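Working notes, structure below.
Here the structure is a predicted model, which means the values were calculated and not measured.
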Amino acid sequence: MTLDLLKLRYFAKIAELGSFTRASNELGVAQPALSLHMRALEEQLDVQLLKRMPRGVVATEAGQTLLSHAQAILRALEQAEAATKERAEYPTGDVSLGILSSICPTLSIPVIEECSQRFPKIRLTISEGDSQTLRAAVDTRVHDLAVTLDSVAKQTSLPLFEETLYIVGPSGQFTPDAEVTVEYALGLPLILPTRRHGIRILLERQALMSGRELNIVREIEGVASTKAAIRAGLGLTILGRGAVHPEQENGTLSAIALTRPGLTRRLVLDMPADHPPTRAVIEVQKILLAVVTKLGADGHWSCLSPTLSATQ
């Protein structure tokens, strides 16, 4: 036997108000219809629930028992509805975002700040890594989203932006009007990461195309350690603008864009295939795209997807 929630709602209102007429007015249901519903409910339970009095109705002993349960059920339904609406308005849950190490400092902070302000119940974890590590983390669903190089991402990834590559040296190494061609830069004493990194792969491909060899004097994993080595005078490196812009602004490192031709790398948003995103992941993705668009407008990179402009 299954009780009809609508009949329970009508019964509870009649019993609470002690009147079919008042219940009819509050519920917006005609009084004859309420009487039919109550008669059907009493027949279903095979017990009298309401006793008519000279002025209104009162619940019988059986009616009082049903009323206490009905009130608890209806209250639970209201709480469930409120919680569902709140979750829709303020999504909750864990979201793991991976970002390429060289751009993580530029991209992560505004994403964290925006997410904390708009969706405080989302637990956002940001991890930085190289392109191969990020791809593996997406494939194994360790990351829900990852900003990585297009050369290792899936074909279903969303293009985000192209970032200009800069030759980077100690403070004062390059004047603002200096010009360094890609071919010339390949012969400079470079500090580069190992071959698992996308920028190393890109530069080796460029060297092969130009018939030159990369002059790698040291291999260092990690952008921060590479910058420290440059400040110590141990060599130069090639990085995207986002990775060196803060030091370029405060004068602790010098950097200029490579020319003839300019050299860029493309970054994309990768995510697990055949795995529908949660509401929390969708909201973090929207925030990420909006931040990418804003930073692009500020000159950090050139945005690629028309989708990005729609996020603002």
Side-chain angles (χ1 to χ4, degrees), residues 99-107 128-135 146-155 157 159-170 173-227 229-230 233-245 247-248 253-270 292 295-296 299-305:
I99 303 178
L100 198 67
S101 295
S102 58
I103 62 167
C104 194
T106 301
L107 195 53
E128 62 178 63
D130 61 72
S131 55
Q132 299 290 345
T133 301
L134 293 177
R135 172 60 191 269
V147 180
T148 186
L149 297 174
D150 70 334
S151 56
V152 300
K154 294 185 290 297
Q155 292 183 347
S157 59
L160 291 178
F161 57 88
E162 283 189 345
E163 185 182 38
T164 300
L165 297 185
Y166 281 60
I167 181 72
V168 184
Q173 176 82 28
F174 305 109
T175 61
D177 59 346
E179 182 178 278
V180 177
T181 65
V182 172
E183 186 173 345
Y184 179 74
L186 297 176
L188 294 173
L190 295 175
I191 303 171
L192 293 178
T194 58
R195 284 191 171 91
R196 63 179 284 109
H197 290 260
I199 200 163
R200 172 74 174 267
I201 297 170
L202 176 63
L203 293 174
E204 287 190 343
R205 187 183 302 124
Q206 195 70 29
L208 183 64
M209 290 171 55
S210 61
R212 300 201 55 167
E213 287 190 10
L214 273 173
N215 181 18
I216 301 174
V217 295
R218 287 171 184 82
E219 286 187 339
I220 296 181
E221 296 277 358
V223 176
S225 297
T226 299
K227 291 177 181 178
I230 293 171
L234 300 180
L236 312 176
T237 196
I238 295 174
L239 293 171
R241 182 185 186 276
V244 73
H245 181 67
E247 290 83 0
Q248 188 182 16
L253 291 175
S254 63
I256 56 171
L258 294 172
T259 61
R260 290 191 288 165
L263 197 57
T264 63
R265 60 178 182 173
R266 177 172 292 196
L267 285 97
V268 299
L269 180 60
D270 203 3
V292 166
L295 290 174
H300 285 270
W301 41 62
S302 299
C303 293
L304 293 170
S305 174

Less than 4.5 Å apart, side chain to side chain, heavy atoms only: is that true for I103 and F161? yes
Pairing residues for T106 by the side-chain hydrogen bond (donor to acceptor under 3.5 Å, both in side chains) criterion, not counting sequence neighbours: none
Which of these, R260, Q206, M209, sits in a side-chain contact (heavy atoms from CB on, under 4.5 Å) with V182? Q206
Modelled atom types, side-chain donor and acceptor of S102 and R265, under 3.5 Å: yes
Can you tell if the side chain of P159 reaches within under 4.5 Å of the side chain of L269, non-hydrogen atoms only? no
So, do L188 and N215 sit near enough that their side-chain heavy atoms are less than 4.5 Å apart? no
Under the salt bridge (charged side-chain N to carboxylate O under 4.0 Å, His left out) rule, what pairs show up with a residue in residues 215-226, not counting sequence neighbours? R200-E219
What is the minimum heavy-atom distance between I256 and A178, and which atoms define it? CD1-O, 3.6 Å
For the pair T237 (side chain) and I191 (backbone), establish whether a donor and an acceptor sit closer than 3.5 Å, ignoring hydrogens and angles. yes
Closest heavy-atom contact between V217 and P189? CG1-CB, 3.7 Å
Looking at CG of L253 and OH of Y166, how far apart are the two atoms once the value is rounded to the nearest 0.5 Å? 13.5 Å
Quick one: does W301's side chain have a donor or acceptor within less than 3.5 Å of a partner on R241's backbone? no
Would you please name every residue forming a side-chain hydrogen bond (donor to acceptor under 3.5 Å, both in side chains) with E247, sequence neighbours left out? K227
Heavy-atom side-chain proximity of L165 to I199 below 4.5 angstrom: yes
When every non-hydrogen atom of G198 is compared with those of L149, the smallest separation belongs to CA-CD1, 3.3 Å
Inspect the surroundings of CD in E213 and state if more than 12 heavy atoms from other residues, nucleotides or ligands are less than 6.0 Å away. no
Distance-only, no hydrogens or angles: does the T164 side chain make a donor-acceptor pair with backbone N or O of T264 under 3.5 Å? no
Side-chain heavy atoms of D150 within contact of L267, under 4.5 Å: no
Please identify each residue that fulfils side-chain hydrogen bond (donor to acceptor under 3.5 Å, both in side chains) with R212, with sequence neighbours left out. none
Treating S254 as the side-chain partner and Q173 as the backbone partner, does any N or O pair qualify as donor plus acceptor under 3.5 Å? yes
Taking all non-hydrogen atoms of both residues, which atom of S210 and which atom of L186 are closest, and how far apart? OG-CD1, 3.6 Å
Taking ring pair (Phe, Tyr, Trp, His ring centres under 6.0 Å) as the definition, give me every residue that meets it alongside H197, ordered by chain and number, with sequence neighbours left out. none
Locate the shortest heavy-atom distance separating I220 from A229; write the atom from each residue and the value. CD1-CB, 3.7 Å
For the student: nearest non-hydrogen atoms of A153 and V268, plus distance: CB-CG2, 3.5 Å
Going by the rule side-chain hydrogen bond (donor to acceptor under 3.5 Å, both in side chains), which residues pair with R266 if we only count those two or more places apart in sequence or in a different chain? E162
With heavy-atom distances below 4.5 Å as the criterion, would you say the side chains of I167 and L190 are in contact? yes
With rounding to the nearest 0.5 Å, note down the distance linking CG in L160 to OG1 in T148. 10.5 Å
